[in-house]
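Shown next, in structure tokens, is the structure this report addresses.
Note on naming: letters A, B, ... go to the chains in the order of the sequence lines (proteins, then strands), and numbering restarts at 1 for each one. Computed from heavy atoms alone, side chains included, the values below leave out hydrogens, waters and symmetry copies. Computed from a prediction, not measured in an experiment: that's the story for all the values here.
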There are 2 protein chains.
Amino acid sequence: MARAAGVSPTTVSHALNGKGTVRKETVERVQRVATEIGYRPSPIAQGLQRSRLGLLALVIRPFHSLDTFLPEGVDYFLRIAGAAGVTAMEHGYSLMMVDDPTRPGVPFSARAADAYIVTEPFENDPVLTMLSEQHIPFVTVGADPARRDEFITLDEGADQQAQLMITHLAEAGAQRIALVTGTDRNDWNLGSQRTLERWCAARGHEPLILSLPEVEGERAGEAIVDHFFAGERAEHPDAVFCLTGRHAAGVLQAATRRGIRVPEDLLLAAGSGSLQNRTSRPTVTTLNLRPEETAQRAVEIAVRLAEGERVEGPLSVPRATLDIRESTSRPPRG
Amino acid sequence: MARAAGVSPTTVSHALNGKGTVRKETVERVQRVATEIGYRPSPIAQGLQRSRLGLLALVIRPFHSLDTFLPEGVDYFLRIAGAAGVTAMEHGYSLMMVDDPTRPGVPFSARAADAYIVTEPFENDPVLTMLSEQHIPFVTVGADPARRDEFITLDEGADQQAQLMITHLAEAGAQRIALVTGTDRNDWNLGSQRTLERWCAARGHEPLILSLPEVEGERAGEAIVDHFFAGERAEHPDAVFCLTGRHAAGVLQAATRRGIRVPEDLLLAAGSGSLQNRTSRPTVTTLNLRPEETAQRAVEIAVRLAEGERVEGPLSVPRATLDIRESTSRPPRG
DNA sequence: CTGAAAGCGCTTACAG
DNA sequence: CTGAAAGCGCTTACAG
């Protein structure tokens, strides 16, 4: 490029970046030649000397157990991804989704991010261990349950979120609330479980809890209904709270198939809902976890970390709200 | 790092990459020190000299008019994105989603990709112009309608795809098929329109076609039904083919609201379907565009381009198939 | 106003 | 077996 314009590399750089002082005609000539030959400064070379690429990485840990980058009917994480991409762009960064960067053979670009966002890390998550050991800045959405205060974390307040739904179900008349969690050992599953146990303990009855792999999705419906409605009638729950929208959709189908009416016989709710919970018959009450705002906060923190700022203080996701729908809208049993 | 291990940078490089010949003990010491101090070679510096970062960029042009990275109920592109991410990873690349890289102020990382995939480019798309001028390798999914053979393109065969659905509707008894396209000037909208026009011409009647912004989604349903069912009864279509699943979902709702029964009074089909078309009542017939395979092909081409290989010959997406559902399953009008 | 020099953090011939 | 030198493509002091 320098040769093509008949000037030094220094002058090219100055001209193209508006730095230093360059005669106006020289600037124009350099620009003209640049567009003529389709020259653009190498972002890699530029990155080298800023030692920053303007790249953020998003690791959605639950996708690892779901074994896909595009689980159907799992809105929450896709909305996180979409919003994170947009927010990153607004801050002058790009965002890439990567799977598990600790695996051997990962694209080496996966390690080129300036900062990482890790959502729903597992207990003692090796991804966090690696990032931490290699001094790569990162923020997690939801704590590593085993290392709660060790890393920079947007606390998701799983306890509060579960409590919100449990209170709603109780107010709608539920006496025995069953909880269906996933099997990933993350703060969302573990925290919700703790919360229901506490609630049941306060009422002096045994908690009804079932943990099934997230990946089973709606297929898990039959197993869930079998499990809770097998024994004596007095033992049956009058409300089921599934942490995932797909489990809830499955329960709705399985219950309907057996003549268990929602919400007349059974209240039904989901933690992280999805499209199908809004369109099923009846529609299903869910938590609104506000993934867009969560992503926004996470990206803002990641950007600050990427730029070498310190980030302190207790951080948290926006407070969840209830999207009350038909599945909990009529008092059960009458 | 070199100093910490008491050797030269050359030896560090050799030891860590298993190149050259280094004494076994030296290798071990270097490795030990590396993990101790959390050293990792800078991917940027490595990228500089390979002049490649292992990064692919995906530009989903329709998102630009939809004005979001996460349109709800638009499966096709998200499935493209998910599958592209996975396939990229299998080839040792990461994938980032970028919006319009021609805008001023884009993250400079957005220009750091080794190759681009651009889905559904617009007519005379400036993104393609820029990539082409800057000699950045790219592949499009769907042609730029104005520059059909100028770039490396996975042809989507919009004509064939539309023909497939039209034939199905006709076989199901449709006499007058109305087409609803989006307003983006891409090959999918324009090609489908051409195909319906040809079909109508062969039958000697005027084509019923309405173009409405993709972004209106289900809200467009009322307008569509208003438009086609305003005039005399003889002029009403007996089948509506919406290119987007959201338009189709809207038509279903609006029709139902007016007592137009699907499929008894009206056959309904969508081009690129989504979850809601599979779960609505009745379920809606769609094309299966096989986005996962499309993404896979696109990524494979992008990787070859990134690695400097030539790519030739007519390329195309996998052939669409029909997902026939209730909305076209009974002969209309008895 | 312009350019030679040094440096960003690596790797790859090449010499010892 | 190890390291000094050159180079990947830029930018940023600094000298002229």
Electrostatic pair A:R297:A:E300 at N-O distance under 4.0 angstrom: no
NZ/NE/NH1/NH2 to OD/OE distance under 4.0 Å, A:R148 and A:D187: yes
Listed once per pair and sorted, the salt bridge (Lys or Arg N to Asp or Glu O under 4.0 Å) pairs that draw on residues 111-121 of chain A, sequence neighbours left out: none
A:A57: side chain to side chain contact (heavy atoms under 4.5 Å, CB included) partners, not counting sequence neighbours: A:M96, A:V98, A:A113, A:Y116
Members of residues 4-13 of chain B that approach DNA chain C, where some heavy atom sits under 4.0 Å away: B:T10, B:S13
Whichever of B:H14 and B:L48 has its nearest DNA chain D nucleotide further upstream toward 5': B:H14
Dot-bracket summary - DNA chain C, pairs being Watson-Crick or G-U whose distances fall under 3.5 Å, with | when paired to another strand: |||.||||||||.|||
Nearest-angstrom distance from the residue atom CZ of B:R3 to P of C:dC10: 13 Å
Nearest heavy atoms of B:E156 and B:V317, plus distance in Å: CA-CG2, 3.5 Å
Proximity to the side chain of A:V22 - top-ranked nucleotide from C:dA13, C:dT2, D:dC10: C:dT2
Side-chain N,O (B:R50) to OP1/OP2 (D:dC8) below 4.0 Å: no
Gap between atoms CZ and C1', on A:R52 and D:dC10 respectively (whole Å): 16 Å
Rounded distance in Å - NZ (B:K24) to C1' (D:dT2): 18 Å
Interface residues of residues 27-43 of chain B with DNA chain C (non-hydrogen, below 4.0 angstrom): B:Y39, B:R40, B:P41, B:S42
Summary of side-chain hydrogen bond (donor to acceptor under 3.5 Å, both in side chains) pairs that have at least one residue in residues 27-40 of chain B, sequence neighbours excluded: none
Charged N-O contact under 4.0 Å between A:R61 and A:D184: no
Salt bridge flag under 4.0 Å for residues A:E312 and A:R310: yes
Basic-acidic side-chain contact under 4.0 Å: B:D99, B:R103: yes
Nearest to side-chain heavy atoms of B:T21, which nucleotide of D:dT2, C:dT2, D:dC8: D:dT2
Donor + acceptor pair across side chains of A:T153, A:D155 (<3.5 Å): no
Whole-Å distance separating the CG atom of B:N17 from the P atom of D:dT2: 16 Å
Lys/Arg N to Asp/Glu carboxylate O, B:R290 vs B:E293, below 4.0 Å: yes
B:Q46 CD - C:dC8 P separation (whole Å): 17 Å
Comparing B:K19 and B:A45 on DNA chain C - which has the more 5′ nearest nucleotide: B:A45
